[in-house]
Novice: 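The structure is given below, and queries will be raised subsequently.
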Amino acid sequence: MKITADNKLKKLIVVGDRVLIKPTKQSDQTASGLYLPPGVQEKEKIQSGYVIKVGPGYPLPLPADEDDVWKGKEDQVKYLPLQAQEGDLAIFLQKGAIEVIYEEEKYFIVPQASILMLEREEDL
């Protein structure tokens, strides 16, 4: 299979309560007009970016009456879904994020608990 811009992230699976975020371009200038070097911009405590992929959520424990052996494995795991959805703009804490480089692009893997706010474009 040839990797294109459309399918290069399809083979990634985000696990648990994690979210894959592509950071937005940071401003190289402060509100007062001072130019910031790249190292200062990347060490900001709060970052923003677009949600690319989300994990299945928080795993839920099985009720005691669902211990039937005859049920398939897919019926045994239940998840509480995350609030974040693909395409959301996320404001998150840099401290909880893990930076990864994939296909020469920078992404952050962020737990749901580190996301402070989401902006979602919804049709009214």
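Nothing here was measured: the structure is a model prediction, and the numbers come from that model.
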Novice: Measuring from Phe108:CZ to Gln94:CD, what's the distance to the nearest 0.5 Å?
Specialist: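 With rounding to 0.5 Å, CZ (Phe108) is 4.5 Å from CD (Gln94).
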Novice: Quick check: do Phe92 and Ile46 have side-chain heavy atoms less than 4.5 Å from each other?
Specialist: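 No. Closest side-chain heavy atoms not under 4.5 Å.
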Novice: Between atom CD of Glu105 and atom CD1 of Ile52, what is the distance when rounded to the nearest 0.5 Å?
Specialist: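 The CD atom of Glu105 sits 8.5 Å away from the CD1 atom of Ile52.
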Novice: Working to the nearest 0.5 Å, report the span between OH of Tyr102 and NZ of Lys22.
Specialist: 13.0 Å
Novice: Using every non-hydrogen atom in the two residues, find where Pro23 and Lys106 come nearest and quote the distance to one decimal.
Specialist: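 Distance-wise, the nearest heavy atoms are CD-O, 3.1 Å.
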Novice: Which heavy atom in Asp88 sits nearest to a heavy atom in Arg120, and how many Å separate them?
Specialist: OD2-NH2, 2.8 Å
Novice: State yes or no: do Leu82 and Leu60 share one hydrophobic cluster built from I, L, V, M, F, W and Y residues joined by side-chain heavy-atom distances below 4.5 Å, directly or via other members?
Specialist: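 Leu82 and Leu60: one cluster.
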Novice: Just verifying a value: how many Å separate Leu118 CG and Gln112 CD, rounded to the nearest 0.5 Å?
Specialist: 7.0 Å
Novice: Can you name the nearest heavy-atom pair linking Ala84 to Val54, along with the distance?
Specialist: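 Looking at all heavy atoms of both residues, the closest pair is O-CG1, 3.5 Å.
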Novice: Do you know the tightest heavy-atom contact between Pro111 and Gly96?
Specialist: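 Heavy atoms only, the tightest pair is CD-O, 3.2 Å.
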Novice: Side chains of Val100 and Ile109: does their closest heavy-atom pair fall under 4.5 Å?
Specialist: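 With C-beta onward as the side chain, the pair touches.
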Novice: Does Leu12 reach the side chain of Leu20, with side-chain heavy atoms less than 4.5 Å apart?
Specialist: yes
Novice: Starting at NZ of Lys45, measure out to NZ of Lys95 and round the result to the nearest 0.5 Å.
Specialist: 9.0 Å
Novice: Are Ile101 and Val19 linked, directly or through intermediate hydrophobic residues, by side-chain heavy-atom contacts shorter than 4.5 Å (ILVMFWY only)?
Specialist: no
Novice: Short question: side chain of Thr24, backbone of Ser48 - any donor-acceptor pair under 3.5 Å?
Specialist: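 Yes, Thr24 side chain to Ser48 backbone: donor-acceptor pair under 3.5 Å.
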Novice: To the nearest 0.5 Å, tell me how far Arg18 CZ sits from Ile13 CD1.
Specialist: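 So the CZ of Arg18 and the CD1 of Ile13 are separated by 15.0 Å.
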Novice: If you link ILVMFWY side chains whenever their heavy atoms are less than 4.5 Å apart, which other residues fall into the same cluster as Leu89? By chain and number, please.
Specialist: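 The other cluster members (ILVMFWY side chains, heavy atoms under 4.5 Å, direct or chained) are Tyr50.
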Novice: Heavy atoms only: give me the nearest Ile21-Ala90 pair and the separation to one decimal.
Specialist: CD1-CB, 3.8 Å
